There are 2 protein chains.
Amino acid sequence: MKHHPILPKERILETALHLFHKQGYHATGINQIISDAGVAKASLYLHYKSKEELGIEYLNARQEIWFAQLKLFTDESKKPKKKILAAFDFLNFINEKESFRGCSFLNMLSEIQSEETRLLASIQNHKTQLREFFREILPEEKGEHTDIIYLLFESAMTESQLFKNQWPVEKAKQAVADLFKLKYIK
Amino acid sequence: MKHHPILPKERILETALHLFHKQGYHATGINQIISDAGVAKASLYLHYKSKEELGIEYLNARQEIWFAQLKLFTDESKKPKKKILAAFDFLNFINEKESFRGCSFLNMLSEIQSEETRLLASIQNHKTQLREFFREILPEEKGEHTDIIYLLFESAMTESQLFKNQWPVEKAKQAVADLFKLKYIK
DNA sequence: TGGTAAACGAACAGACTTGTCTATTTTATT
DNA sequence: AATAAAATAGACAAGTCTGTTCGTTTACCA
């Protein structure tokens with residue numbers, strides 16, 4: 001295409017990123033995606049063989065974008081404690097930016113059936129990486145209680161989506177800070 | 001009805017409780033509900049004016065059933081600490097029983113649009129009650145850190161659904177037990 | 001036993017779903 | 001300038017969705 005700065009395949013993915021996250025996977029139809037992307041239906045099925053395939057590409061793309069943004073926050077500091085607290089600031093930021101729509105992956109998880117193993121695998125993969133992200137920040141031999149950070153981080157995301165409010169992020173962040181002071185996390 | 005032990009209205013709700021929870025709200029159609037319930041479509045719309053209305057009744061019913069089961073576990077003990085740890089045993093139990101399908105309310109949350117305010121209100125109401133349930137177990141003047149229990153409880157539910165495994169429940173329970181020992185919670 | 005209400009099966013409306021196909025135009029490359 | 005690939009619009013298939021409206025049958029109660 002000459003007159004469009006972005007290729008159809010990329011426009012489709014951009015639109016899917018926006019609509020799947022905002023409206024949900026089931027609530028978003030192929031027809032809305034192609035009309036919003038300004039693309040022919042045949043073009044969508046040329047690049048993605050099914051809606052599920054597009055769903056998987058959506059999760060893969062989201063994984064990249066989400067982690068890149070998280071790292072913009074955590075890379076500001078060198079100390080483990082500061083890095084981890086910065087992760088909660090990121091949640092604060094993304095809640096504002098995306099109007100408390102919560103986690104793309106957990107939202108997808110609620111919608112899929114047990115047969116859709118490829119989607120589940122993408123979701124599990126993302127969360128495993130997040131869990132390891134926290135684990136790697138802390139000194140190896142002292143990481144026995146790092147999963148509590150992961151668990152508090154996850155509920156901060158879900159509960160702020162639920163209450164459309166930042167208080168769960170603030171509470172979780174404060175709790176993690178307290179656990180550092182108590183040396184439960186080191 | 002004479003030959004059916006349960007009334008149509010109740011059969012519809014029973015079926016909705018099962019299918020909405022197992023498959024999700026959008027993935028479950030009215031037609032499957034009426035055929036599984038063995039009820040005419042006209043009967044469904046006689047008792048419930050829309051699918052959304054049935055969805056609200058589903059959440060209301062789930063609220064009753066879920067809390068009743070939770071209390072079966074927590075009422076076994078009198079001490080606050082034991083009561084709270086028993087709540088995590090309940091999670092363990094319901095995960096087995098329902099094959100890691102997670103929280104009905106959070107699953108619904110992921111599916112609804114921001115316009116569906118009645119459904120959102122039902123979900124918020126349930127979670128507010130759960131939050132207060134934990135708060136009321138602990139002595140009034142010492143409840144400053146009880147929300148960490150709520151947050152860990154919530155992520156235990158979500159993460160065990162995600163990984164189809166009980167480890168998040170065990171980790172969260174252990175963390176809460178540790179926080180009691182550290183007197184972060186009293 | 002007659003009347004009222006509930007439940008029934010089944011058709012129907014109208015809009016929506018994913019996905020396929022065709023015939024045509026545009027774009028990029030050689 | 002010619003050729004091959006990409007993208008287009010739009011019709012179409014076959015099925016699903018929610019919700020309404022029939023006329024009929026069943027059940028309960030006075």
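Both backbone and side-chain heavy atoms feed into the values below; hydrogens, waters and symmetry mates do not. Letters A, B, ... are given to chains in the order of the sequence lines, protein chains preceding strands, and every chain is numbered from 1. As the structure is a computational prediction, the values presented were derived from the model and not from experiment.
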Practice problem: Taking only the side-chain heavy atoms of Pro8(A) (C-beta and beyond), determine which of dA7(D), dG19(D), dA7(C) contains the nearest atom. | Solution: dA7(D)
Self-check item: Selection from dC8(C), dG19(C), dA9(D) that lies nearest to any side-chain heavy atom of Ser50(A)
Solution: dG19(C)
Quiz item: Within the structure shown, what part of the strands sits under 4.0 Å from Leu46(A) by heavy-atom distance: base, sugar-phosphate, or nothing?
Solution: sugar-phosphate
Quiz item: Which is true for Thr28(A) with a 4.0 Å heavy-atom rule: it touches a base, it touches only sugar-phosphate, or it touches nothing?
Solution: sugar-phosphate
Round to a whole Å and report the spacing from [atom1] of [X] to [atom2] of [N].
X	N	atom1	atom2	result
Leu7(B)	dT26(D)	CG	P	18 Å
Ile6(A)	dT27(C)	CD1	P	17 Å
His26(B)	dT17(C)	NE2	P	11 Å
Ile34(B)	dC17(D)	CD1	P	11 Å
Leu54(B)	dC17(D)	CG	P	15 Å
Lys51(B)	dT18(D)	NZ	P	4 Å
Tyr25(A)	dT17(C)	OH	C1'	12 Å
Lys9(A)	dT8(D)	NZ	P	14 Å

Exercise. Can you check whether any acceptor in the base of dG19(D) is under 3.5 Å from a donor in the side chain of Lys41(B), or vice versa?
Key: yes
Distance below 4.0 Å between [X] side-chain N/O and [N] OP1 or OP2:
X	N	value
His47(B)	dA7(C)	yes
Asn31(A)	dC16(C)	no
Tyr45(B)	dG19(D)	yes

Exercise. Check whether the ring centres of Tyr58(B) and His21(B) lie less than 6.0 Å apart, and answer yes or no.
Key: no
Self-check item: Partner residues of Glu76(A) under the side chain to side chain donor-acceptor pair (under 3.5 Å) criterion, sequence neighbours left out
Solution: none
Quiz item: Hey, are Arg135(B) and Asp147(B) close enough for a salt bridge, meaning a charged N less than 4.0 Å from a carboxylate O?
Solution: yes
Practice problem: For the pair Lys171(A) and Glu154(B), find out whether any cationic side-chain nitrogen is under 4.0 Å from an anionic carboxylate oxygen. | Solution: no
Practice problem: Could you say whether Ala42(A) or Ala27(A) is positioned toward the 5' end of DNA chain C, judged by the nucleotide with the nearest heavy atom to each? | Solution: Ala27(A)
Quiz item: Can you tell if the side chain of Tyr184(A) reaches within under 4.5 Å of the side chain of Tyr184(B), non-hydrogen atoms only?
Solution: no
